[in-house]
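Written below as structure tokens is the structure these notes are about.
Position 1 is the first residue of the sequence; numbering continues from there.
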Amino acid sequence: WLGDLSGTTVPAGLISPQARTLLDLYPMPNFEGSSVYNYQVPIVGATHGDNIQGSLNNFTINAANRLSGNGGYQNTRSDDPDLFGFTDTGRSSTANATLTWNRRITPRIGAVIRYQFNLSSTANLPYFANRIDVSGIAGISGNDRDPRNWGPPALNFSSGIARLSSGTYSHDRNLSHLVSYSSTWIRGRHGFNYGGDYRRQQFNLYSQQDPRGSFTFTAAATESDFANFLLGVPTASAIAYGNADKYFRQSFASAFITDDWKVRPSITLTLGVRWEYESPIVEKYGRLVNLDIPPDFASATPVVASPSDSLIRTDKTGIQPRLGLAWRPRATSSLIVRAGYGLYRDTAVYRSIANQMAQQAPLSRSLSVQNSLENPLTLADGFKGSSSVTATTFAVDPDFRVGTAQNWTLSLQEDLPAAMQFSLSYLGVKGTHVPQRILPNTYPYGTSSVCFECPTGFAYLMSGGSSNRHAGTVEIRRRQRNGFQASVQYTYAKAIDDAGLGGNAIAQDWLDRKAERALSNFDQRHVIAVQGQYTSGSFTRLGFWDGWRGKLFREWTLTAALSAGSGSPLTPSILFPVRGTGITGPLRPNVTGAPLYVEQNGGFLSAGAFEAPELGQFGNAGRNSITGPAQFS
């Protein structure tokens, strides 16, 4: 008999062969005395790198033309062990070159033409690759049998048992070309800057999203997730592999014009506008899949792209105003007031979308299913589809918009005696078209579905979210003087959104996205940073730095840094699949009203602060409603 964490027992004869094999990968406990942890090990990786750089600056062709160029090559090798002692290896290399032509057209007009080239290669080799076929030895079927993807499936436990996982094989090769033009024109009190650029990118990937699959174990079948694991009965499973080689293509273009206007000696205005366009990513052979979904989500039909089709309509609303002000109120004072406003776009959003669209049925094998009477799952045969669950696990709104952020700033800066400087600043950010994720046609347990034939089992990405952040910063800085410089900076900030910025949060209730409005994942209310630096060799008149002592002790630099801040937000969650899917994470518990923070037995939170919601209801605990432990370094 083997005991588990809840005290229940499983007869040895009922333990599945698959569980026995996977259990051997877990190390034995190495210390006692804690009710929460029983294993610790230092995880120390190693990184080796080489970096070669070269440049040619200001090669003069004639009085009006100059050429400059630079290039480099970087190579990195890394060994990355994990908690279980599995060491994955990584290899990466990058070659880049830039050629710049500066031309002086007239004494007041200049132009710069630049070409930039970048080639990179990254490869990751998991510990088990080409070494041990763990799934095959254990008798687990349905996952990828490519030797490069050998290894165990991922195991997730709701009780807090460490997650078993290993890296996935990948070999990516990326290439980009950039051509840009910029010009300056000085006319009276105006300094005009204008230009544009065009960039073409290739992402050539060989990787699988989840080739070995993953199992989630909760207390659904018995009173213990670990007992269910021993019995070989997962609560949910997910997998995605096939179509390993992907050839993404994307173009970027931009144009800008800015006027630095010297209104008077004490006031400078910056007026500008920038236009950016980033095309949605296409796959060279058209191997992208989306779902054609009506507004009521009553059906979902897979749609395969063509080589020139991204399945997402282009967003050409890329006009971004830029305004700035610098003002010195009194000519005899060092006080400077600065203010600014700008609109900025999230130009990197399409890459993650393409990665998910390229690993889907019918071109690939993908599923996310829950154990049920109609679709029983076991460790041996857990990666099988269900007629009631959509095989395509991801969909995106064809009218998806690129997210934008409006930034406005105000700052005051003034010099103080003894080489000191004081500054006070405010930053506000308002985000629109923020990505949001929902699980259509899902309902709480204990509730009858409104539409029994409506598709489930897929996440839907849209761009209807919003966010805002306000931050105030006070800084006192000592400039370099007598070899010493230092700064103290304090920031008070608050960030809120309804989309899980900084992560991949999915709404608990797909019909109530407003309930997701909460602190952002990266919100940190208080942060203080102190830095200092001293370079020896000051006070030369003392005579100490003369002769051999000067040669030995001069120009050494000592630095020190300290940072402290309040904790980051955490979300109370129930590790149980959302009804009708195999997706875990969005469900949250109810708040009991008991004290939330009770530090005892090495813990941080009180277990009595939350409870499971009643049948037919979603939990009322808010997303990111917990403030994690304070941070110090």
Side-chain angles (χ1 to χ4, degrees), residues 17-27 41-50 74-94 120-156 162-174 203-216 229 234 237-248 287 351-352 355-356 358-360 363-368 379-383 393:
Q18 295 76 32
R20 288 183 182 275
T21 301
L22 297 177
L23 194 59
D24 288 340
L25 301 177
Y26 275 81
V41 63
I43 300 176
V44 181
T47 301
H48 311 267
D50 303 292
Q74 301 85 38
N75 184 281
T76 303
R77 291 87 62 199
S78 64
D79 299 321
D80 304 305
D82 65 8
L83 184 70
F84 293 83
F86 310 144
T87 299
D88 300 339
T89 59
R91 302 289 184 269
S92 65
S93 61
T94 302
S120 64
S121 175
T122 304
N124 293 301
L125 186 67
Y127 172 81
F128 292 99
N130 303 310
R131 179 185 295 180
I132 306 174
D133 182 11
V134 177
S135 293
I137 295 173
I140 298 173
S141 62
N143 51 12
D144 192 5
R145 313 315 301 175
D146 188 325
R148 289 171 292 192
N149 291 316
W150 280 353
L155 304 180
N156 304 290
R163 181 178 190 268
L164 175 67
S165 65
S166 180
T168 57
Y169 174 85
S170 66
H171 190 185
D172 303 339
R173 298 168 300 281
N174 302 327
F203 304 102
N204 303 303
L205 316 177
Y206 190 96
S207 60
Q208 306 278 22
Q209 183 177 334
D210 188 11
R212 294 188 299 274
S214 62
F215 292 109
T216 298
F229 163 67
S237 67
I239 197 168
Y241 72 92
N243 190 24
D245 55 327
K246 297 168 277 285
Y247 304 92
F248 296 152
R287 292 178 295 184
R351 174 65 188 276
S352 61
N355 286 342
Q356 296 176 83
Q359 204 85 70
Q360 301 210 91
L363 301 182
S364 303
R365 176 174 172 77
S366 61
L367 60 88
S368 176
L379 274 175
D381 187 22
F383 301 122
T393 59

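- When every heavy atom of Tyr206 is checked against every heavy atom of Asp172, the shortest pair comes out as N-OD1, 3.5 Å.
- Between the CG atom in Leu25 and the OG atom in Ser165 there is a gap of 11.5 Å [rounded to 0.5 Å].
- Looking at Asp88, its side chain does come within 3.5 Å of a backbone N or O of Tyr127 through a donor-acceptor pair.
- Proximity of Ile140 to Thr21: side-chain heavy atoms (C-beta onward) are nowhere separated by under 4.5 Å.
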Next on the checklist: Before you tell me yes or no, could you show the steps for Asp133 and Arg145 under side-chain contact (heavy atoms from CB on, under 4.5 Å), namely the whole-Å CA-CA distance, both residues' side-chain angles and the distance that decides it to 0.1 Å?
Outcome noted: CA-CA 8 Å; Asp133 182 11; Arg145 313 315 301 175; 3.0 Å; yes

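- Across all their heavy atoms, Ser135 and Gly151 have their closest contact at OG-O, 3.0 Å.
- Residues Asn174 and Thr122 have side chains not in contact (no heavy-atom distance under 4.5 Å, counting atoms from C-beta outward).
- From Lys246, atom NZ reaches atom CG of Leu205 across 6.0 Å, with rounding to the nearest 0.5 Å.
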Next on the checklist: Set out, in order, the CA-CA distance, both residues' side-chain angles and the distance that settles side-chain contact (heavy atoms from CB on, under 4.5 Å) for Ile137 and Trp150, then state yes or no.
Outcome noted: CA-CA 10 Å; Ile137 295 173; Trp150 280 353; over 6 Å; no

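- Without hydrogens or angle criteria, Thr168 side chain to Asn149 main chain gives no donor-acceptor distance under 3.5 Å.
- Closest non-hydrogen pair, Asp210 versus Ala238, comes out as OD2-O, 3.5 Å.
- The existence of a salt bridge linking Asp50 and Arg77 is confirmed by a sub-4.0 Å separation between a basic side-chain nitrogen and an acidic carboxylate oxygen.
- Here the CG-CG distance, from Leu155 to Leu379, works out to 7.0 Å after rounding to the nearest 0.5 Å.
- Considering CG of Asp381 and CD of Gln18, their distance stands at 10.0 Å, rounded to 0.5 Å.
- Gln209 places no side-chain N or O within 3.5 Å of a backbone atom of Ala240 that could act as its donor or acceptor partner.
- Of all heavy-atom pairs between Ile43 and Asp82, the closest is CD1-C, 3.9 Å.
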Checklist entry - Step by step, would you call Arg148 with Asn130 a side-chain contact (heavy atoms from CB on, under 4.5 Å)? => result CA-CA 5 Å; Arg148 289 171 292 192; Asn130 303 310; 4.0 Å; yes

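- Annotation for Pro211 and Ile239: closest pair O-CD1, 3.7 Å, computed over non-hydrogen atoms.
- Taking CD of Gln356 as the start and OG of Ser366 as the end, the distance is 11.5 Å to the nearest 0.5 Å.
- No side-chain heavy atom of Asp146 sits under 4.5 Å from any side-chain heavy atom of Tyr241.
- Between Tyr247 and Arg287 the shortest side-chain heavy-atom distance falls below 4.5 Å.
- Once rounded to the nearest 0.5 Å, the distance linking CG of Leu164 with CZ of Phe86 reads 6.0 Å.
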Checklist entry - Between Ser166 and Arg212, does a side-chain contact (heavy atoms from CB on, under 4.5 Å) hold up when you go through it step by step? => result CA-CA 10 Å; Ser166 180; Arg212 294 188 299 274; 3.6 Å; yes

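- With Ser368 contributing its side chain and Thr393 its backbone, the two residues share no donor-acceptor pair below 3.5 Å.
- The heavy-atom pair separating Gln208 from Gly242 by the smallest distance is OE1-N, 2.9 Å.
- Defined by atom type and a distance below 3.5 Å, a donor-acceptor pair is present between the side-chain atoms of Asn124 and Ser170.
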